[in-house]
Structures are given as structure tokens and as C-alpha cells.
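This report concerns only the one structure given below.
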Amino acid sequence: MSTSSGTSLPIYLDNAASTPILDEVIREMLPYFKEYYGNPSSLHSFGRVTMRAIESARARVSSLIGCRRHEIIFTSGGTEANNLAIKGIAELARKSNPKKNCIITSVIDHESVLEAFRDLEKKGFDVSYLPVTREAQIETADLKRTIIDDRTALVSIMFSNNEVGTIQPIRELATITHQKGGLFHTDAVQAVGKMPIDVKDLGVDLLSASSHKINGPKGVGALYKREGLKLAAIIHGGGQESTLRSGTENVHGIVGFGKACEIAAQRLVSYETEIRALRDYLIDRVLYEIPNSRLNCFTQKRIANIAHFTFFGVNGEDLIIKLDELGIAASTGSACSLRHRRPSHVLKAMGFSYAELTGSLRLSIGILNTKQEIDQAVSILSQALEELRKISPFKLEADEQN
Ligand SMILES: Cc1ncc(COP(=O)(O)O)c(C=O)c1O
């Protein structure tokens, strides 16, 4: 569908949920569906070709985050990487020293981290959840207060939040953890490929990444594991990925992920400046043109592509459905928790009131979005809000909140 401004609908502004696969990525993947179908574990030439492709992808992923090739374990995505890191460290630590059964995360971490923690809690681990400020920031003092002795096996804190975008002080948190003899993992699914990340400089022991957030295919991700660190597998079988992730490798997915990482590395600097400029342009227009709107989380320490708003007087889910009808793809927050239709645990932890939570909307920009699309999206958003507010039972509570 074409619009009067020349843009074509729909306009996709949900890039924190997933991103379109780039043509270059698809081109690189295609031969691994049709021509190169050998099992990478096979000794014949068909197997050697696919094994070489995996190793070349491993080099590309490792170079994006500053580690060595053998420190990368391919997984089925960010969720599995998080589970492998958390369960793999926790179970092993407790086995070697039964006293080491404390694990720490934050109240705003992704469900794939929180559910892994809840599972370990049921198995007797002592679990702590660090609070956040109104800006979704974790205070290093809170970790210092929580990690009182050497019983902590693991601290897992997300790099950048998937709903509001806040970036955490990962280097400082890792240092505090190490001072108390614990290991540090970060879920960097929303940050890898969007800002410079060097695992050695950060001093993290483990880091999770996902392909589909950076214009690669879905169903593939990676866990960085510092050389020499012992980790227990959570999937057992043929011993692929240095015995840490058994199962025949998703070769075409891994190839696509590798290519997506290579492209992300090449455009890392321009990504930050261009996407941030587009995002800030969107924010300025929304706040200036749409009454009773508010930007949530305006700290400088946030990822370049996410803008999170509250539009008072409407329900966020109604707004998303309306926007979808009008050709805009947006989100109230995490795609995963929407499935359970629960209010956002992130916004709740940030201390949001019912009115603030209800009217929330996340717009996340990707590398294929244009300024024309943003212009068009703001007009459509304005129209959608005007229509919804006419019939909405929710009060305009912006004045009370501001
Ligand atoms: C912060 C964060 N962690 C983990 C995940 C899960 O990654 P995947 O979809 O690759 O399993 C997501 C996906 O939304 C995410 O945003």
C-alpha cells in the first residue's frame, strides 16, 4: 500500500521484537538449504563444507564482540544462551561447593533469565532480584549490598532492557561480582550489533546474543564463554559445540547470523548515530505534536533504537490494534510477556502507576526505517490516539502524573 507521502505501508516499528532479514544475509544462507546440506559432523566433503561455514560464522560473531573463536557456542537463540549460562554455571558451582548457592539477577531482566532463576529457586538456590530506579537503572550499591560474601555463584544482569532500552553499568557490576568470587553473565541480546561491545574490556564471563535482533534469521544465537570457564551442558547428545550444545547444527541459521554480525560490525558507528538521530526525531515530534504523551526513560544511558511512551487516556493494547489497522507495527513491550497478557514487569518495577502502565507504547527503529516513515508514523499515531481518546473509558491523567 502506498501513501500520499510516498512511503508504503505497513511501517515496521517493532525492531526490538525482531528485525527483517537483510538480502545479503539471505543470499549467503541460500546455498546451505540446497547445495550444502551435509551434516557438519560427517567426515566427507559435504560435511567439511558445512563445518567450514560454521567456523567462518564463528569468526564473524567473535570479532563483533572481541573474543576468540572458540569462546563462542552457537545456540537456538538468546533464550537458550541465557538458560545455558545461568543453569550451566549455577548447577556446576553448587556441585563443586554446596555453599555456593546464591544467584542474583534484576527485576527487569528478560523472562528467559527470570524463568531460569525461578526454576533454580525451586531447586533450592537462594535467589535475589536487584531493584531498579524510575529510569530502569540498576545501582551498583544495590549489588554491593546484596553480594555480601563468597556464596554467590553467578550474577546475571541484562546489558540493555528490551522494553525501555536502559543500559546497565556492566563493567562495574562485573568487577563487584568478581571481587566477591562470583561469575558474571550479561544478556546482551538487545545490545550486540547496536553498540560497540568488547567482552574482554567489559570483563564479563558469559554473554548472550541473538541473531534475529540484528537482521539475521530467527532460531539462532550465541553464548560467549570465557576461555577456561567450566560450564555444564543443558542439552545432551552428540557433543557438538565442544559438548556444550548437542544437536546437529542449524547451519543455514548460523551462516546467516555470521553474515548479520559482519554487517553489524561494519555499520556499528553509523548505526548508533543514524538510528539515534531518527529515534530522537520521532520522540521530538511525538512530544511536540501529541497532547498527553510522555517519554518514559530519557536517560542518556539507553540503547539507540528504543523509544518508550505513555499516551494517557488510552489502553496500549487498543492502541496497538488500532495502529496495526492503520499500517503501523508497534508494541507495548516484550513480545514474550504479551503472550501471557500480563502487565509489564519492567514498568511495574520502575514504579509506574496504573495509568502510566496502561497507555504504554514501545516504538523501536531498525536500519531499514526512513525519516519519511517516521513522519508518516507520527501522523498515523496522532490520528489513532484522537480516535481512541474519543471513545476511551480511561481518564486523561497526564496532568496528575507530570
Ligand atoms: C533482552 C532479551 N533477552 C533474550 C531474548 C530472547 O531471545 P530469542 O528470541 O533469540 O530467544 C530477547 C528477545 O526478545 C530479549 O529481548
In this structure, CD1 of I367 is separated from CG of N305 (nearest 0.5 Å) by 11.0 Å
Cation-aromatic face contact R245/F74, 6.0 Å, 45 degrees
no
Within the 3.5 Å criterion, strictly below it, is a donor on S379 or Q376 matched to an acceptor on the partner's side chain? no
Could you go through L223 and L231, starting from their C-alpha distance and side-chain angles, then the distance that decides it, and tell me whether this counts as side chain to side chain contact (heavy atoms under 4.5 Å, CB included)?
CA-CA 11 Å; L223 178 67; L231 186 70; 3.9 Å; yes
### Message
Using salt bridge (charged side-chain N to carboxylate O under 4.0 Å, His left out), reason through D119 and K123 one step at a time and then give a plain yes or no.
### Response
CA-CA 7 Å; D119 186 51; K123 291 177 179 153; 3.0 Å; yes
* Does the D126 side chain pair with the main chain of I103, one donor and one acceptor, at a distance under 3.5 Å? -> no
**Asked** Should F184 and L154 count as side-chain neighbours, where that means a heavy-atom distance under 4.5 Å?
**Response** no
Checklist entry - Taking it one step at a time, do L381 and F311 satisfy side chain to side chain contact (heavy atoms under 4.5 Å, CB included)? => result CA-CA 10 Å; L381 179 60; F311 296 106; 3.7 Å; yes
Between the CG atom in L9 and the CD1 atom in I328, the distance rounded to the nearest 0.5 Å is 6.5 Å
Q) Any donor-acceptor pair under 3.5 Å linking the side chain of N15 with the backbone of S364? A) yes
R279 (side chain) donor-acceptor with A307 (main chain) under 3.5 angstrom: no
Check: Going by an N to O cut-off under 4.0 Å, is there a salt bridge joining E91 and K100?
Finding: no
* To do: Could you tell me whether the side chains of H236 and S246 share a donor-acceptor contact shorter than 3.5 Å?
  => no
Self-check item: Ring centres under 6.0 angstrom apart (Y36, F46)
Solution: no
(Q) Is it the case that the side chain of S160 and the backbone of I303 share a donor-acceptor pair, with hydrogens and angles ignored and the cut-off at 3.5 Å? (A) no
Q: Side-chain contact test, heavy atoms from C-beta onward, threshold under 4.5 Å: evaluate it for P40 versus T248 and give yes or no.
A: yes
- Message: Closer than 4.0 angstrom, basic N to acidic O: yes or no for D149 and R151?
- Response: yes
>> For the backbone of L206 and the side chain of R226, can you confirm whether one donor and one acceptor N or O come within less than 3.5 Å of each other?
In response: no
| query | In terms of side-chain heavy atoms, does H308 have a donor or acceptor partner in N296 at a distance below 3.5 Å? | reply | yes
Practice prompt. Examine distances only and state if a side-chain atom of T146 and a backbone atom of D142 form a donor-acceptor pair shorter than 3.5 Å.
Written response: yes
Next on the checklist: Let's go through V107 and H345 carefully: what are the C-alpha distance in whole Å and the side-chain angles of both, what is the deciding distance for side chain to side chain contact (heavy atoms under 4.5 Å, CB included) to 0.1 Å, and is it a yes or a no?
Outcome noted: CA-CA 8 Å; V107 282; H345 68 284; over 6 Å; no
Worksheet item: Hey, are K225 and D205 close enough for a salt bridge, meaning a charged N less than 4.0 Å from a carboxylate O?
Response: no
Tell me, yes or no, whether the heavy-atom count around Y288 atom OH, taken from other residues, nucleotides or ligands under 6.0 Å, exceeds 12. no
>> Walk me through whether E24 and K259 qualify under salt bridge (charged side-chain N to carboxylate O under 4.0 Å, His left out).
In response: CA-CA 8 Å; E24 304 97 291; K259 185 66 184 172; over 6 Å; no
Note: E272-K194 ion pair, threshold 4.0 Å (strictly below) = no
Validation row: S42, R48 side chains within 4.5 angstrom (heavy atoms)
no
Next on the checklist: Side chains of S112 and N82: any donor to acceptor distance under 3.5 Å?
Outcome noted: yes
Value for CD1 (I254) from CE (M29), rounded to nearest 0.5 Å, stands at 10.5 Å
With the threshold set at 4.0 Å, does a side-chain nitrogen-carboxylate oxygen contact exist between E121 and R118? no
#### Entry: Note: E135-K301 ion pair, threshold 4.0 Å (strictly below)
no
Q) Can you find a side-chain donor-acceptor pair between E163 and S344 that sits under 3.5 Å? A) yes
query: Mind checking whether F309 and I283 have side chains closer than 4.5 Å, heavy atoms only?
result: yes
Note to self: Under a 3.5 Å threshold, yes or no: a donor from one side chain and an acceptor from the other, between S208 and H185?
What the structure shows: yes
Any side-chain to backbone donor/acceptor pair from T105 onto S156? Under 3.5 Å, distance only. yes
- Query: Any salt bridge between K87 and E80, counting N to O under 4.0 Å?
  - Reply: no
NZ or CZ of R27 within 45° of Y32 ring axis and under 6.0 Å: no
With sequence neighbours left out, the residues meeting side chain to side chain donor-acceptor pair (under 3.5 Å) with E35 are none
> How far apart are the C-alpha atoms of V189 and H110, what are their side-chain angles, what is the distance that settles it, and do they pass the side chain to side chain contact (heavy atoms under 4.5 Å, CB included) test?
Replying inline: CA-CA 10 Å; V189 163; H110 189 261; over 6 Å; no
For the backbone of Y12 and the side chain of N369, can you confirm whether one donor and one acceptor N or O come within less than 3.5 Å of each other? yes
- Message: Between R294 and E356, does the salt bridge (charged side-chain N to carboxylate O under 4.0 Å, His left out) criterion hold? Intermediate values first, please.
- Response: CA-CA 9 Å; R294 194 188 66 193; E356 292 170 300; 2.8 Å; yes
query = Just by distance, do the side chain of Q190 and the backbone of A16 share a donor-acceptor pair under 3.5 Å?
reply = yes
Would you say M350 and R134 make side-chain contact, with heavy atoms under 4.5 Å? no
Under 4.5 Å between any side-chain heavy atoms of T310 and S293, yes or no?
no
Hey, is the main chain of T79 close enough, under 3.5 Å, to the side chain of N83 for a donor-acceptor pair? yes
Assess whether a salt bridge exists between R276 and D280, defined as any Lys/Arg side-chain N lying under 4.0 Å from an Asp/Glu carboxylate O.
no
d(L282 CG, L287 CG) to nearest 0.5 Å is 9.0 Å
Distance col, row K200:NZ vs C67:SG, nearest 0.5 angstrom, shows 6.5 Å
Quiz prompt | Side chains of S18 and K213 in contact at under 4.5 Å (non-hydrogen atoms) | solution = no
Q) Should the heavy atoms of other residues, nucleotides or ligands under 6.0 Å from NZ of K230 be counted, would the total exceed 12? A) no
Within the supplied structure, the quantity of interest is the number of heavy atoms (other residues, nucleotides, ligands) at a distance under 6.0 Å from Y281 OH; does it exceed 12?
yes
So CZ of R362 and CD1 of I306: to nearest 0.5 Å the spacing works out to 5.5 Å
Are V204 and I170 packed together at the side-chain level, in the sense that at least one heavy-atom pair is separated by less than 4.5 angstrom? yes
Assess whether salt bridge (charged side-chain N to carboxylate O under 4.0 Å, His left out) is satisfied between K180 and D150, documenting all intermediate values. CA-CA 5 Å; K180 295 290 183 183; D150 60 2; over 6 Å; no
Applying salt bridge (Lys or Arg N to Asp or Glu O under 4.0 Å) to D109 and not counting sequence neighbours gives none
